[in-house]
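Here's the structure we're looking at; comments come further down.
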There are 2 protein chains.
Amino acid sequence: MRKNKTETERTIQRLIEIARNHFTTNGYANVSLEEIVNEADLTRGALYHHFKNKKGLFLAVFEAVQKEVGEYVEEAAAKSNDSWQQLINGCQAFLEGAVQTHNQRILLVDGPAVLGWETFRKMDEKYSMNSLKEQLQLMQEQNLLKPVSADAMTHCLSGAMNELVLWIADYPDQKDKIKEAMMVLQHMLEGLRENK
Amino acid sequence: MRKNKTETERTIQRLIEIARNHFTTNGYANVSLEEIVNEADLTRGALYHHFKNKKGLFLAVFEAVQKEVGEYVEEAAAKSNDSWQQLINGCQAFLEGAVQTHNQRILLVDGPAVLGWETFRKMDEKYSMNSLKEQLQLMQEQNLLKPVSADAMTHCLSGAMNELVLWIADYPDQKDKIKEAMMVLQHMLEGLRENK
DNA sequence: TAACATACATACAGTATGTATGTAAATCAG
DNA sequence: CTGATTTACATACATACTGTATGTATGTTA
């Protein structure tokens, strides 16, 4: 080979990064692979060597973004020992993480449409949704939450936050909007809290 | 002209209906206009005469679906005089309406991606979201809801329901899932209720 | 060093959108 | 009633993009 393994890996990462930029700013459908490989000083042959097709490239980008946000959420949640506070921290971190750098377009707009709802949901469950669900189930076992369907709760919360992200992303004063959103979320969660 | 006005209108409606079927079953990106016009015994020329482009056709379909669901929601809400019950009725009707006949793919998956988030949100606000927001604001004025951002509440609820629809749609026992979802929604709304 | 694999480049085929142009029928003007 | 114009399409074509097949140089391994 012309290049050693790390060099090749860097090529792949570079393609992912460039693609990520294009996808976030122009949207999946409006991005041609030619633009991407041009910027990477490669040809489409190289791209198709490393990725199955356009969707495959998007999948790689999607995973990267999701992993990034997921880690940010976990990190924030871990800052507290109180289950309830962990949930709140995680929610806020998700809003913050998904809003920034227009991740939301990849995660929430193009993601479902390009990958298909089935694939999208599997990915979402694997990363962000799963940890949320586990947290909610844990809290149910601790009698902190009412004994209603954890699945429904998970999707309810997840959906609420996804939409809130897209709402927030449109405003310049995102800090304020995140506060407003968190107020609502906290109240809603209170409704699910088990009253002792 | 070869045809009178109603005849022309019927051509347009036929195209919208056929397109709707194709979009719901195959998704926007996997539908070629040729398939659609073939089924309508027309050519793409006809389609481009009545619609600006593929996106324009989708927009027409999207509007039709949204209007349909919106009317179903309004109708359900109007069955009660109690504001709180109206909200509950409306929420349930939305779940039912959006779930059926795979409307969800057009409304919630392809919609944002194809139209772009901007356009999608405008449409969504014009139809479904607007009535929800008005209802929430009304309830706030009646001191039924806590005085938190009505915007945030609207998006929160709307997002929750959207995601719930997509979750529910995957199950054969949708009636049960809708019940589960409504349980969670009602609890969450309780958290937003103003305690006298 | 010969066989093979890797990392690309190049060329091409297929398919889809969108546009420009053509045409028959219907309506309208006088 | 007849010529002009508009409507509702069809046809033909230009363009763009994806995906695939093939070629090639370079590195690796036996």
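Proteins get letters first, then strands, A, B, ... in listed order; numbering begins at 1 in each.
- As judged by a 4.0 angstrom heavy-atom cut-off over every strand, Val37(A) is placed among residues making no nucleic acid contact.
- The stretch residues 44-53 of chain A comes close to DNA chain D through Arg44(A), Tyr48(A), Asn53(A), each having a heavy atom under 4.0 Å from the strand.
- Listed by chain and residue number, Ile16(B), Phe51(B) satisfy the side chain to side chain contact (heavy atoms under 4.5 Å, CB included) test with Ala60(B) (two or more places apart in sequence, or in another chain).
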| message | Run the side-chain contact (heavy atoms from CB on, under 4.5 Å) test on Leu42(B) and Leu15(B) for me, step by step, so that the C-alpha distance in whole Å, both residues' side-chain angles and the decisive distance to 0.1 Å come before the verdict. | response | CA-CA 9 Å; Leu42(B) 293 168; Leu15(B) 284 170; 4.1 Å; yes

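- Whole-Å rounding puts the Leu15(A) CG to dA7(C) P distance at 13 Å.
- If you take NZ of Lys55(B) and C1' of dT17(C), they are 13 Å apart, rounded to a whole angstrom.
- The ring-ring contact (aromatic ring centres under 6.0 Å, His included) pairs that include a residue from residues 128-155 of chain A are His155(A)-Trp167(B), where partners are two or more places apart or lie in different chains.
- To the nearest angstrom, P of dT17(C) lies 12 Å from CG of Asn38(B).
- Protein atom CD1 of Ile36(A) is 12 Å distant from nucleotide atom P of dG19(D), rounded to whole Å.
- Minimum atom distance to the side chain of Thr8(B) is reached by dC9(D), of the listed dT17(C), dC9(D), dC8(C).
- The side chain to side chain contact (heavy atoms under 4.5 Å, CB included) test applied to Ala93(B) returns Tyr72(B), Val73(B), Ala76(B), not counting sequence neighbours.
- The CG atom of Leu33(A) sits 16 Å away from the P atom of dC8(C) (whole-angstrom rounding).
- What separates CZ of Arg10(B) from P of dT7(D) is a distance of 21 Å, to the nearest Å.
- Evaluation of the side chain to side chain contact (heavy atoms under 4.5 Å, CB included) rule for Tyr127(B) yields Glu63(B), Gln66(B), Lys67(B), Met123(B) as partners, not counting sequence neighbours.
- Neither Val99(A) nor Met129(A) shares a network with the other; the hydrophobic side chains, linked directly or stepwise wherever heavy atoms of I, L, V, M, F, W or Y lie under 4.5 Å apart, form separate groups for each.
- Linking Ile, Leu, Val, Met, Phe, Trp and Tyr whenever their side-chain heavy atoms come within less than 4.5 Å leaves Val184(A) and Leu138(B) in two separate clusters.
- Look at Glu190(A) and Arg193(A) and you find a salt bridge, because one of the NZ, NE, NH1 or NH2 atoms lies within 4.0 Å of a carboxylate O, short of that distance.
- One atom, NZ of Lys54(A), and another, P of dG19(D), lie 8 Å apart when rounded to the nearest Å.
- Among all heavy-atom pairs drawn from Val165(B) and Phe94(B), the shortest one is CG2-CE2, 3.9 Å.
- Listed in residue order, the members of residues 110-117 of chain A having a heavy atom less than 4.0 Å from DNA chain D come to none.
- Thr11(A) has no side-chain polar atom (N or O) that falls below the 4.0 Å cut-off from OP1 or OP2 of dA7(C).
- Heavy atoms of Thr43(A) sit under 4.0 angstrom from at least one base atom.
- Going from atom CZ of Arg14(A) over to atom C1' of dC8(C) covers 12 Å, rounded to whole Å.
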